[in-house]
Amino acid sequence: MNNTADGPLDHDAAASRITQVENRVGRMKRIYVGSVVLLGVVTLAYFAVVGGIPRAVVKPYDALLILFPVTLFFVAVGIRRASTSARGVLRVEQWLLAGYIVAMVVAGALEIFVLRQGTVAAALPGALPAGVCFAAAWALGKK
Amino acid sequence: MNEPHPRRKLDEVIHSPVRLSVMAVLATTSEADFRYVKDIVEVSDSLLSKHVAVLNTAGYVRIVKGVSDNRPVTWLSLTETGAEAYREYVRTLNRIIGGKEAPGDAR
């Protein structure tokens, strides 16, 4: 499919074009919903590592924590690019963004002020923002 | 008198590579912004605009302009007439290619 494809269309080509477009849309949707799920999984893993593993163990690897925002950035770009940006989808995306930010702040506060690092409980607050992502992925998958 | 060959029933408005692709995208997604359709169909802005205008004039595609995140967005969707015309086009196409698995019939 390109600019030169604007000529006559035979019937088999028309049928294959429809199939091709449907496959592309389907692939795009899988990338889209998959990216939202990935955002949840990455967030869950981040909090599990930062909270669940004792500080002394993770301290030498602190520099690797920069990978978290970098990964978030690329996943967010993937989500934006694969989105149909339909109005209903944009509404869910806005809820996802707002819910994710609030849940991240709450999870961060729990990690810093309430839970002791290196305990199982401290590994769990990531479930809050991850849960927002999984709920959004479910809602977006139905659209 | 014999019934005319099904190819004579193919909607000429839809029966163009770009317009068919646009209709197929919108039939699958229900609504999408211009950029998304452009990415899927892989055509230039101007060519897509030209074909969307043809579909809009035929009453097949609804165009809604708005703003999202402080940037202008053009949302495209099929009208009822457009959806019915696309379904009829696919049915006719399936009759022509005779018994092959129908594109779009999986939905």
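Heavy atoms only: backbone and side chains are in, while hydrogens, waters and symmetry mates are out. Reminder, nothing fancy here: chain letters follow the sequence lines and each chain counts from 1.
- By the 30° and 60° cut-offs, the orientation of the rings of A:F68 relative to A:Y46 is parallel.
- In this structure, chain A has a heavy atom under 4.5 Å from the side chain of B:V64, while its backbone stays farther away.
- Remark: A:R55 CZ is packed, more than 12 non-hydrogen atoms of other residues, nucleotides or ligands lying under 6.0 Å away.
- Nearest heavy-atom pair, B:H51 versus B:S16, reported as atom, atom and distance to 0.1 Å: CE1-OG, 3.9 Å.
- The greatest number of non-hydrogen atom pairs below 4.5 Å with chain B, out of A:G26, A:A86, A:A82, is found for A:A86.
- Contact of A:R27 with chain B is not made at all, since no heavy-atom distance falls under 4.5 Å.
- Taking the side chain as every heavy atom from C-beta outward, B:L20 and B:Y86 approach each other to under 4.5 Å.
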